[in-house]
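The first residue of the sequence shown is numbered 1, and numbering continues consecutively from there.
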Amino acid sequence: MYFWAIDPPSERVQSIAKVTEKMTVNLNSYAHIIWDWNGTLLNDAWLCVDVMNGMLRDHSLPEITLERYREIFDFPVKDYYLKLGFDFDKESFEIVGMDFMIRYNNRQNETALHPEARKILEIIRDKGIPQSILSAREENELRHEVVKLDVGKFFSLVYGLDDHYAHGKTDVGIRLIRDLAISPEKVLFIGDTLHDADVAKDLGVDCILVPEGHQATERLTGSGTMVVASLKDFIELL
C-alpha cells in the first residue's frame, strides 16, 4: 500500500456525489488539479467513432453511433474491442489496436478542445492553483497535442502511457502523485470515464466527472462520484 492511499473515502468525496442545483465547488480546498485529456479537455469522441467505423467496415462488423460508443467504451480498451466483435484469435489486439492509433493519429489535427476548456484552465490558473494532465494517451503524442493546441503553459506536469494500448493509468497516476509531493486530500482529478473515478479512488484523491467525452451520463452517475453535465456547468459551480 502506498502512503498516500486513504480508506474510507473522505467526507468531501462522499458529499460531492450528491449533486444539487445549489452545489458549488470550492477550488480553494485544493492545492492541485489533475485533468484527464481525451474526452475531458480534448473533444475527440466523435473522431474515435469515425475511425472505428472505418475499421469495423474493413472487418465486416456492424458500425456504431456516438451514443452506442459511449454506452460500451471502457478500460482496458481490449474489452471494448471484444464488444465490437473483434476476434483476437484471428488477429491480435496489438495489431488491431495499432491500426486504430495509426488511423487516429493521421486525423488527430481534426480535433479541438471542448469550447469551455481553455476558459476553465484560465480560471484555475488565475486562482493560483497548479494543474497537470494524467492521460491514457501515449505520452509523446500527448505532449505533442498539448503543445499544438497551445495549452502547455497551463500544466506543471503532463503524464501519459508508454504504449498505445490504454490498459489503464493507475500506475502512472501513482507516480504523478508522488512527484507532485502533495497530500492526496488536496488534489482534485477531473475526468470523463468510470476508469477516471476508479483511478481517483486508487490514488485517494477527489474526483469530478464530465460526461461530454467517452462515456454516457447514465453510466457515470452510478459511480458515486460528482457528475456535472459539461465544462460550462462546471464553471458555473465555481
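The shortest distance between side-chain heavy atoms of L203 and P184 does not fall below 4.5 Å. When side chains are defined from C-beta on, N43 does not count as touching T111, because their heavy atoms never get closer than 4.5 Å. Taking the side chain as every heavy atom from C-beta outward, E138 and M101 never approach each other to under 4.5 Å. Put simply, the side chain of L176 does not reach to within 4.5 Å of the side chain of F189, judged on heavy atoms. Side-chain contact between W46 and E110 is present, with heavy atoms from C-beta onward closer than 4.5 Å. Between D99 and V96, the closest side-chain pair of non-hydrogen atoms is not below 4.5 Å. A heavy-atom distance below 4.5 Å is not found between the side chains of F154 and L41. Using a 4.5 Å heavy-atom threshold, the side chains of I177 and I182 count as separate.
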Task: CA sep, side-chain torsions, deciding dist, call: L42, R137, side-chain contact (heavy atoms from CB on, under 4.5 Å) - done: CA-CA 12 Å; L42 185 71; R137 185 89 158 105; over 6 Å; no
Open item on the list: side-chain contact (heavy atoms from CB on, under 4.5 Å) for W37 and V158? Distances and angles first, verdict last.
Closed with: CA-CA 10 Å; W37 178 247; V158 176; over 6 Å; no
- [ ] Kindly indicate, with the supporting measurements, whether the criterion side-chain contact (heavy atoms from CB on, under 4.5 Å) is fulfilled by D171 and R175.
- [x] CA-CA 7 Å; D171 290 344; R175 178 162 57 89; over 6 Å; no
TODO: Before giving the answer on side-chain contact (heavy atoms from CB on, under 4.5 Å), spell out for Y81 and F100 the whole-Å C-alpha distance, their side-chain angles and the decisive distance to 0.1 Å.
DONE: CA-CA 11 Å; Y81 279 69; F100 176 87; 3.2 Å; yes
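Tested against V199 for a side chain to side chain contact (heavy atoms under 4.5 Å, CB included), the candidates V205, L134, V172, D36 yield a single pass: L134. Partner of H195 under the ring pair (Phe, Tyr, Trp, His ring centres under 6.0 Å) criterion, chosen from F75, Y80, F73: F75.
Separating the CG atom in L47 from the OH atom in Y104 is a distance of 5.5 Å, to the nearest 0.5 Å. Of the inter-residue distances, the one linking L188 atom CG with Q131 atom CD reads 10.5 Å to the nearest 0.5 angstrom. Annotation: the span from I64 atom CD1 to M52 atom CE amounts to 6.5 Å, rounded to 0.5 Å. Here the CD-CG distance, from E141 to L161, works out to 11.0 Å after rounding to the nearest 0.5 Å. Separation of atoms CD (E63) and CG (L56) is listed at 7.0 Å; rounding is to 0.5 Å. Separating the CD1 atom in I124 from the CD1 atom in I33 is a distance of 5.0 Å, to the nearest 0.5 Å.
Between K169 and A136, the shortest heavy-atom distance links the atoms CD-N, 3.8 Å. Closest heavy-atom contact between C207 and L209: SG-CD2, 3.7 Å. The heavy-atom pair separating G39 from H114 by the smallest distance is O-NE2, 2.9 Å. Closest approach of D150 and R118 over heavy atoms only: O-NH1, 3.1 Å.
Ion pairing between K83 and D79 fails under the 4.0 Å rule for side-chain N and carboxylate O. Taking a cutoff of 4.0 Å between a charged side-chain nitrogen and a carboxylate oxygen, E139 and R143 qualify as a salt bridge. D58 and R103 are joined by a salt bridge, as a carboxylate oxygen and a charged side-chain nitrogen come within less than 4.0 angstrom of each other. The pair R68-E71 counts as a salt bridge, with a side-chain nitrogen and a carboxylate oxygen less than 4.0 angstrom apart.
A continuous path of Ile, Leu, Val, Met, Phe, Trp and Tyr side chains, each step under 4.5 Å between heavy atoms, connects L66 with V77, placing both in one hydrophobic cluster. By the rule that hydrophobic residues join a cluster once side-chain heavy atoms approach within less than 4.5 Å of another member, V147 and F155 end up as members of separate clusters.
Looking only at distances, a side-chain donor or acceptor of R219 sits under 3.5 Å from a matching main-chain atom of R70. When atom types are taken as modelled, the side chain of E212 and the backbone of L231 share a donor-acceptor pair closer than 3.5 angstrom. In terms of modelled atom types and a separation under 3.5 Å, the side chain of D192 and the main chain of H214 share a donor-acceptor contact. Side-chain atoms of D196 come within 3.5 Å of backbone atoms of T193 as a donor-acceptor pair (strictly under, hydrogens ignored). No donor-acceptor pair under 3.5 Å is formed between the side chain of Q215 and the backbone N or O of L220.
In summary, the side chains of Q108 and H144 do not present any donor paired with an acceptor at a separation below 3.5 Å, with no hydrogens or angles considered.
Taking Y159 as the reference, nothing meets the ring pair (Phe, Tyr, Trp, His ring centres under 6.0 Å) condition, with sequence neighbours excluded.
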